[in-house]
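Working notes, structure below.
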Amino acid sequence: MIGWSVLAGLLGVLGTWLGTAWFARREFHRRPWSYWLLGIGALLPAWLIAFLSLLGRSSGPRPEKASIASWVLSSSVALLGVIVTDVVLTRFRESGRDHPPVIYWLLGVLALLPAWGIALLGLIVK
């Protein structure tokens, strides 16, 4: 499952980065949250693959404690990442300065990157 998760992550980042560049070049004047959501969507499938793989290991008659800890920590960090990057996005918007769309996209990617890393590490550790 690690390979599928990494493949989904690479394809997601590449695809949404190209989408962000395309939208920015066409000057559709999307709201910053649109680019932020594209960034979150880049790693969401990859994180879900790794996260749900951890869930399978943390159930049953003798669950692995490392999988349970990784599962709880990954979900907590994912939620915290979304909340923190949303606050940063709001601050950027309230500052009145114009930021390039790739900055908002990058914020979205950074929202799930640590959680995805924790889930992958939990799968590696077993």
Side-chain angles (χ1 to χ4, degrees):
M1 284 302 195
I2 294 172
W4 288 111
S5 180
V6 170
L7 180 63
L10 291 174
L11 290 175
V13 167
L14 179 64
T16 59
W17 178 75
L18 290 173
T20 299
W22 187 78
F23 283 130
R25 206 178 20 207
R26 301 275 187 234
E27 296 183 15
F28 282 135
H29 299 292
R30 301 262 179 202
R31 294 179 184 216
W33 280 282
S34 301
Y35 297 109
W36 178 70
L37 286 173
L38 271 175
I40 288 176
L43 290 182
L44 184 63
W47 175 71
L48 278 175
I49 291 169
F51 181 73
L52 293 176
S53 296
L54 283 174
L55 181 62
R57 293 180 178 189
S58 62
S59 61
R62 293 179 46 202
E64 298 174 16
K65 291 181 182 178
S67 292
I68 293 172
S70 298
W71 187 76
V72 171
L73 188 60
S74 179
S75 61
S76 302
V77 169
L79 182 60
L80 185 63
V82 169
I83 291 170
V84 167
T85 57
D86 180 53
V87 169
V88 172
L89 179 71
T90 303
R91 298 274 169 109
F92 278 178
R93 201 164 158 249
E94 288 174 351
S95 73
R97 294 186 331 180
D98 193 25
H99 298 284
V102 74
I103 296 295
Y104 301 120
W105 172 81
L106 191 57
L107 275 175
V109 171
L110 291 176
L112 289 182
L113 188 63
W116 183 42
I118 291 168
L120 288 176
L121 187 62
L123 288 173
I124 292 170
V125 171
K126 293 185 183 183

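To the nearest 0.5 Å, the span separating CG on Leu106 from CG on Leu113 amounts to 9.5 Å. Atom CZ of Arg91 and atom CG of Asp86 lie 11.0 Å apart (nearest 0.5 Å). Note that CG of Leu73 and CG of Leu121 are 9.5 Å apart. Values are rounded to the nearest 0.5 Å. Expressed to the nearest 0.5 Å, how far OG of Ser34 lies from CZ of Phe23 amounts to 8.0 Å. The CG atom of Leu38 sits 13.0 Å away from the CG atom of Leu107 when rounded to the nearest 0.5 Å. For the atom pair CD1 (Ile49) and CH2 (Trp116), the distance works out to 9.5 Å, reported to the nearest 0.5 Å.
Two residues are said to be in side-chain contact when any heavy atoms from C-beta on lie closer than 4.5 Å; Leu7 and Leu11 meet this criterion. A 4.5 Å side-chain heavy-atom check between Val82 and Trp36 finds at least one atom pair inside the cut-off. A 4.5 Å side-chain heavy-atom check between Phe51 and Trp71 finds at least one atom pair inside the cut-off. Within the 4.5 Å cutoff, the side chain of Leu52 has heavy atoms near those of the Leu55 side chain. Contact of the Trp47 side chain with the Ile118 side chain is not registered, since no non-hydrogen atoms from C-beta on lie closer than 4.5 Å. Contact of the Tyr104 side chain with the Thr20 side chain is not registered, since no non-hydrogen atoms from C-beta on lie closer than 4.5 Å. In this structure, the side chains of Val84 and Val87 stay at 4.5 Å or more apart for every pair of heavy atoms. Two residues are said to be in side-chain contact when any heavy atoms from C-beta on lie closer than 4.5 Å; Tyr35 and Ile103 fail this criterion.
Between Pro114 and Val77 the shortest heavy-atom distance is CB-CG1, 3.7 Å. For the residue pair Leu112 and Ala78, the shortest heavy atom distance occurs at CD2-CB, 3.8 Å. The nearest pair of heavy atoms linking Ser5 to Ala50 is OG-CB, 3.7 Å.
Listed for the Ser74 side chain is a donor-acceptor partner under 3.5 Å among the backbone atoms of Ala115. Side chain of Thr85 to backbone of Gly81: a donor-acceptor contact under 3.5 angstrom is found.
In the displayed structure, Trp33 atom CH2 is contacted under 6.0 Å by more than 12 heavy atoms of other residues, nucleotides or ligands.
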